[in-house]
Amino acid sequence: MIIDTHMHLYDKKFDEIREEVIKESIEAGITKMIACGCDYETSLKCIELAEKYDFIYAAVGIHPSEAHKIDYVDLSWIYELAKHEKVVAIGEIGLDYYWDKTYIDIQKNMFIKQIKIAKELNLPIIVHSRDSINDTYTILKDNRVNGVLHCFSGSLEMAREFVKLGYYLGVGGVLTFNNSKEIKKVVEEISLDKLLTETDAPYLAPVPFRGTINKPAYIPYIIKKIAEIKNIDVEKAENKLYQNAHDLFKLD
């Protein structure tokens, strides 16, 4: 029983191969997936995928890189989409200072507004945090809600602080990279109870597929690496990681 808690199968990179990728995922033992939106259009596409495939669920929200393009006064569409029975989270939301620091205040406002929506709807959040770990922590500390730090890239010290707040840490293909020392420390030291598996497909494919289109079918490579680092049986890791996702997202 394996789950990919974060993918973007609606991405154009999958347009010619989507059915094939889904078939590969099933054959690899992936029994559930969560498609994460970045704006209104992609959130709709996530729901469309969830309606078409019973093993796919959806998350809806506004990615920080899209925040300045959207009227953050009227977010009623998030409420409406989030009422769908297959929507299990608000996401992908958060902060991203890597590409552009022009809209930091807008990103923060949008992040907080979406956290409040999640609280009102009793849904967890899927958090994007790039080059913004301290501000992300401050906002989450001041606005408590359940969720996961997607593609966690912070230090072990920050990982411990987020776990204290009750957050899960999303672990993906980066864990298998030779130069990914910090996330390996995080996986080694943080309890398996607080980890989730994800691909972020089509991005960040694990070794030995690094540099190619990432697919949910590659989750077993991530689980194998987690088990290796923690010196536990792969099946034990697989079962616990699956249960963690069920506990957070309240999947069927």
From CA spacing to verdict: salt bridge (charged side-chain N to carboxylate O under 4.0 Å, His left out), E161, K164
CA-CA 5 Å; E161 294 304 313; K164 287 178 185 177; 3.2 Å; yes
Taking atom types as modelled and ignoring hydrogens, do the side chains of [X] and [Y] form a donor-acceptor contact shorter than 3.5 angstrom?
{"X": "T199", "Y": "D4", "value": "yes"}
{"X": "T138", "Y": "D135", "value": "no"}
{"X": "Q243", "Y": "N239", "value": "no"}
{"X": "H68", "Y": "Q107", "value": "no"}

>> Using the side chain to side chain donor-acceptor pair (under 3.5 Å) definition, which of the options E92, H128, E198 pairs with H6?
In response: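 Exactly one candidate clears the test, E92.
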Would you check if [X] and [Y] make a side-chain contact, meaning some heavy-atom pair closer than 4.5 Å?
{"X": "I229", "Y": "I226", "answer": "no"}
{"X": "Y221", "Y": "P208", "answer": "yes"}
{"X": "Y168", "Y": "F162", "answer": "no"}
{"X": "L49", "Y": "L9", "answer": "yes"}
{"X": "K184", "Y": "E188", "answer": "no"}
{"X": "E51", "Y": "I56", "answer": "no"}
{"X": "I78", "Y": "L121", "answer": "no"}

If you look at every heavy atom in [X] and [Y], which pair is closest and at what distance?
{"X": "Y167", "Y": "N146", "value": "CE2-C, 4.2 Å"}
{"X": "A237", "Y": "L192", "value": "CA-CD2, 4.1 Å"}
{"X": "G166", "Y": "K194", "value": "O-NZ, 3.1 Å"}
{"X": "I213", "Y": "F14", "value": "CG2-CE2, 3.6 Å"}
{"X": "V234", "Y": "K224", "value": "CG2-CA, 4.4 Å"}
{"X": "L196", "Y": "T5", "value": "CB-OG1, 4.1 Å"}

Under 6.0 Å between ring centres: does that hold for Y57 and F249?
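Aromatic pair excluded; centres sit 6.0 Å or further apart.
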Got a donor-acceptor contact below 3.5 angstrom from the [X] side chain to the [Y] backbone?
{"X": "Q114", "Y": "I62", "answer": "yes"}
{"X": "R18", "Y": "K12", "answer": "no"}
{"X": "T197", "Y": "I3", "answer": "yes"}

[Y] and [X] aromatic ring geometry - parallel, tilted or perpendicular at 30°/60° bounds:
{"X": "H8", "Y": "Y10", "result": "perpendicular"}
{"X": "H246", "Y": "Y242", "result": "tilted"}
{"X": "Y40", "Y": "W77", "result": "perpendicular"}

Query raised in the report: In terms of side-chain geometry, is the basic nitrogen of E48 or K45 positioned less than 4.0 Å from the acidic oxygen of its partner?
Result: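 Here E48 does not pair with K45 in a salt bridge, since their nearest N and O are not under 4.0 Å apart.
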query = So how far is it from I183 CD1 to F152 CZ, rounded to the nearest 0.5 Å?
reply =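 Result: 6.5 Å between the selected atoms.
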Residue that, paired with L195, satisfies side-chain contact (heavy atoms from CB on, under 4.5 Å) out of I190, V163, V148
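That would be I190.
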